[in-house]
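To keep things clear, I will list the structure first and then write my remarks on it.
All values reported here derive from a predicted model rather than from experimental measurement. Because only heavy atoms are used, hydrogens play no part in the values below, and waters and symmetry mates are left out as well, while side chains stay in. Within every chain, numbering begins at 1; the chains are lettered A, B, ... in the order of the sequence lines, protein sequences first and strands thereafter.
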Amino acid sequence: MLQVNYIRDNREQVLERLAVKNFKQPALVDEIIQLDDKRRQTQTSLDNVSAEANVAAKQIGELMRAGKKDEAEVLKSKTGTWKEDIKALGEQLSTIEEELYQKQVLLPNLPHSSVPKGLTPEENEVVLESGAMPHLPANALPHWELAAKYNLIDFELGVKITGAGFPVYKNKGAKLQRALINYFIDEAEKAGFSEVSVPLMVNEASGFGTSQLPDKEGQMYYVGLDNLYLIPTAEVPITNLYRDVILKADELPVKNCGHTPCFRREAGSYGAHVRGLNRLHQFDKVEIVQIAHPDNSYALLEEMVSHVQGLLQKLGLPYRVLRLCGGDMGFGSALTYDLETWSAAQQRWLEVSSVSNFETFQSNRLKLRFRNAEGKTQLAHTLNGSALALPRIVATILENYQTENGIKVPEVLVPYTKFEWID
RNA sequence: GGUGAGGUGCCUGAGAGGCCGAAAGGAUCAGUUUGCUAAACUGACGUACGGGAAACUGUACCGAGGGUUCGAAUCCCUCCCUCACCGCCA
């Protein structure tokens, strides 16, 4: 959520930035400013009436104590209109505030100046490509066939016990999951992210904090009986750890990482592109989260991208880094890098990580602040990224490392899997 | 699920209709003192939204929302949450 004061002070710039995100309702900006004017006027009137009433109430108290009942009664008789005014103005104010909030949440975050214009994924900017493309045997298989061939993943069993999109990992497939999780966590810790293990369900307030609510509730699994949501990403519980917190400047940056399963309903997308592990309702992910000082959040964003690149390099997977264009970016992000690995058997790029700087968009809702050099509270910047999401990494490893004799486990993972071949 | 207790500032905790944005202690910060560490003393120290160049100032906030009253942290109602014990249980 953008701050109203920022919108007021930077109207032109806000409009210009929103255009980069192809925002369709620029009129909202002026509506918000006008509503805020109204809000201020109403509040000032309310404050003034309240001030008068407060003074009178105090005087009445003093008169009563002094035994001057008659004078007190005279004052009392005057309070009626104030009460009415206070009530009316109070109601007006909450109506205006509610209206303002409803409009405010419709504005997406402003894209960073480096964000390219564009509408579709094709217009994302390829920042770099790295790693050699693998040469696969002539009869190379896609990962879902490899998973069946080597008895690693059972999609049908998952359908039986839960439904489509909930695979059962078996044998070396299950062990590979654990190996990747531990490897990613260890690497994140080496990079300075301290591990947290958090609940997989969150309450409504947390959903609002990272703005999955109120708009995207359809994407989350909801436990109505207890009014809890299954997390779509560890970003939600980890970032909400710092909801309503005022940090000291020297506590920044806060760096956390954590592994969780992620649950996404992702209704309405079927077909070849979602076969196998390409899109699931439940998957494992290691997430990295930072809370940063606004002055260096972009440097930290680059660091996070480098960290994720390092993982892909060490796993020996060809990858590319994309800077998302305005139209493809998430609602709350100011700058997003997607990292994709090349799936050799499917002959296409698979998104395995998304690293974003939200600037103050989340922290404004979270009331996540720090005390700046002047001793004043200021909103911190929040950043997060996948490091990494497992399923597509598993898919790419299976496909790219397949040989006539089986699938070779990437070297860095062998200490974790304790086997070198899947065969 | 049952029963009981309770939600006050960074923490502990007082507060029972006006003198309460809130005692006291701790923590933190600044200063004084001190050979170091420690201690002592003095002072500062909530958040948000307005107004003001600033000093400062108005309003709101004691879990949330309503109500009673000239006046509510304090009384009444509804809801939410937490804790303890019992039951069940990994």
Assign each of D226(A) and K248(A) to its nearest nucleotide of RNA chain B by heavy atoms, then name whichever residue's nucleotide is nearer the 5' end.
K248(A)

Paired with G17(B) by Watson-Crick or G-U wobble geometry, both distances under 3.5 Å: which nucleotide is it?
none

Which residues pass the side chain to side chain contact (heavy atoms under 4.5 Å, CB included) test with A387(A), not counting sequence neighbours?
I288(A), H307(A), V308(A), L311(A)

Side-chain N or O of R371(A) versus OP1/OP2 of U28(B): is the shortest distance under 4.0 Å?
no

Sort and list the pairs that fulfil side chain to side chain donor-acceptor pair (under 3.5 Å) and have at least one residue in residues 411-423 of chain A, not counting sequence neighbours.
D186(A)-Y416(A)

In the structure I gave you, are the side-chain heavy atoms of V202(A) and N240(A) within less than 4.5 Å of one another anywhere?
no

Could you check whether K172(A) makes a cation-pi contact with Y150(A), meaning its NZ or CZ is under 6.0 Å from the centre of the six-membered ring and within 45° of the ring axis?
no

Taking atom C1' of C80(B) as reference, at what distance in whole Å does atom CZ of F208(A) sit?
15 Å

Between T377(A) and A48(B), is there a contact of a side-chain N or O with OP1 or OP2 at under 4.0 Å?
yes

With respect to the phosphate group of G71(B), does any side-chain polar atom (N or O) of K83(A) fall under 4.0 Å of OP1 or OP2?
yes

Going by side chain to side chain contact (heavy atoms under 4.5 Å, CB included), name the residues that satisfy it together with N22(A), two or more places apart in sequence or in a different chain.
L119(A)

Checking all strands, does S77(A) fall into the base, sugar-phosphate, or nothing category for heavy-atom contacts under 4.0 angstrom?
nothing

Testing the basics here: between A389(A) and S386(A), what is the closest heavy-atom pair and its distance to 0.1 Å?
N-CB, 4.1 Å

Hey, could you give me each pair passing salt bridge (charged side-chain N to carboxylate O under 4.0 Å, His left out) that has a residue in residues 143-165 of chain A? Not counting sequence neighbours.
D154(A)-K170(A)

Nearest-angstrom distance from the residue atom CD of E62(A) to P of C70(B)
18 Å

Expected list for residues 84-94 of chain A near RNA chain B, using heavy atoms below 4.0 Å, is K87(A)

Sequence neighbours left out, what passes side chain to side chain donor-acceptor pair (under 3.5 Å) with R39(A)? Give chain and number order.
D36(A)

Using both distances under 3.5 Å as the test, list the Watson-Crick or G-U wobble partner of G1(B), or none.
C86(B)

Whole-Å distance between C11(B) P and I246(A) CD1?
11 Å

For A22(B), give the paired nucleotide (Watson-Crick: N1-N3 plus N6-O4 or O6-N4; G-U: N1-O2 and O6-N3; both under 3.5 Å), or none.
none

Calculate the interatomic distance between L379(A) atom CG and C49(B) atom C1'; express it in whole Å.
14 Å

Nearest-angstrom distance from the residue atom CG of N372(A) to C1' of C29(B)
16 Å

With 3.5 Å as the limit, what N/O pairs link the protein to nucleotides 18-22 of chain B?
{"residue": "G18(B)", "atom": "N2", "partner": "A57(A)", "partner atom": "O", "Å": "2.6"}

Pairing residues for S114(A) by the side chain to side chain contact (heavy atoms under 4.5 Å, CB included) criterion, not counting sequence neighbours:
H112(A), R323(A), L335(A)

As its Watson-Crick or G-U partner within any shown strand, both distances under 3.5 Å, G31(B) has C41(B)

Testing L383(A), N256(A), L366(A) one by one against T239(A) for a side-chain contact (heavy atoms from CB on, under 4.5 Å), which residue passes?
L366(A)

Checking base pairs now: Watson-Crick or wobble, both atom distances under 3.5 Å. What partners G71(B)?
none

Pairwise ring pair (Phe, Tyr, Trp, His ring centres under 6.0 Å) hits with a residue in residues 7-51 of chain A, at least two apart
none

With rounding to whole Å, what would you report as the distance between A55(B) and G6(B) at their C1' atoms?
43 Å

Kindly write out the residues that satisfy side chain to side chain contact (heavy atoms under 4.5 Å, CB included) with N5(A), not counting sequence neighbours, or none if the list is empty.
R8(A), R40(A)

Tell me the partner of G9(B), counting only Watson-Crick (N1-N3 plus N6-O4 or O6-N4) or G-U wobble (N1-O2 and O6-N3) with both under 3.5 Å; none if nothing fits.
none

Under a 3.5 Å limit on both distances, the Watson-Crick or wobble mate of C49(B) is G58(B)

Taking any strand in view, what nucleotide pairs with G65(B) in a Watson-Crick or G-U wobble way, both distances under 3.5 Å?
C77(B)

Using a heavy-atom cut-off of 4.0 Å across all strands, would you classify N54(A) as base, sugar-phosphate, or nothing?
sugar-phosphate

For nucleotides 50-53 of chain B, which of its nitrogen or oxygen atoms have a protein nitrogen or oxygen under 3.5 Å away, and what is each distance?
{"residue": "G50(B)", "atom": "OP1", "partner": "R39(A)", "partner atom": "NH2", "Å": "3.4"}
{"residue": "G50(B)", "atom": "OP1", "partner": "R40(A)", "partner atom": "NH2", "Å": "3.0"}
{"residue": "G50(B)", "atom": "O5'", "partner": "R39(A)", "partner atom": "NH2", "Å": "3.3"}
{"residue": "G50(B)", "atom": "O2'", "partner": "T44(A)", "partner atom": "OG1", "Å": "3.1"}

Using atom C1' in both nucleotides, what's the gap between G58(B) and G52(B) to the nearest angstrom?
11 Å

Tell me the interatomic distance from L247(A), atom CG, to C10(B), atom P, rounded to whole angstroms.
13 Å

Sort and list the pairs that fulfil side chain to side chain donor-acceptor pair (under 3.5 Å) and have at least one residue in residues 85-98 of chain A, not counting sequence neighbours.
E98(A)-Q102(A)

When the C1' atoms of G13(B) and C62(B) are considered, how many whole Å apart are they?
13 Å

Taken to the nearest whole Å, CD/E97(A) to C1'/C61(B) is 13 Å

Please state the P separation for the pair G65(B) and A53(B) - nearest whole angstrom.
33 Å

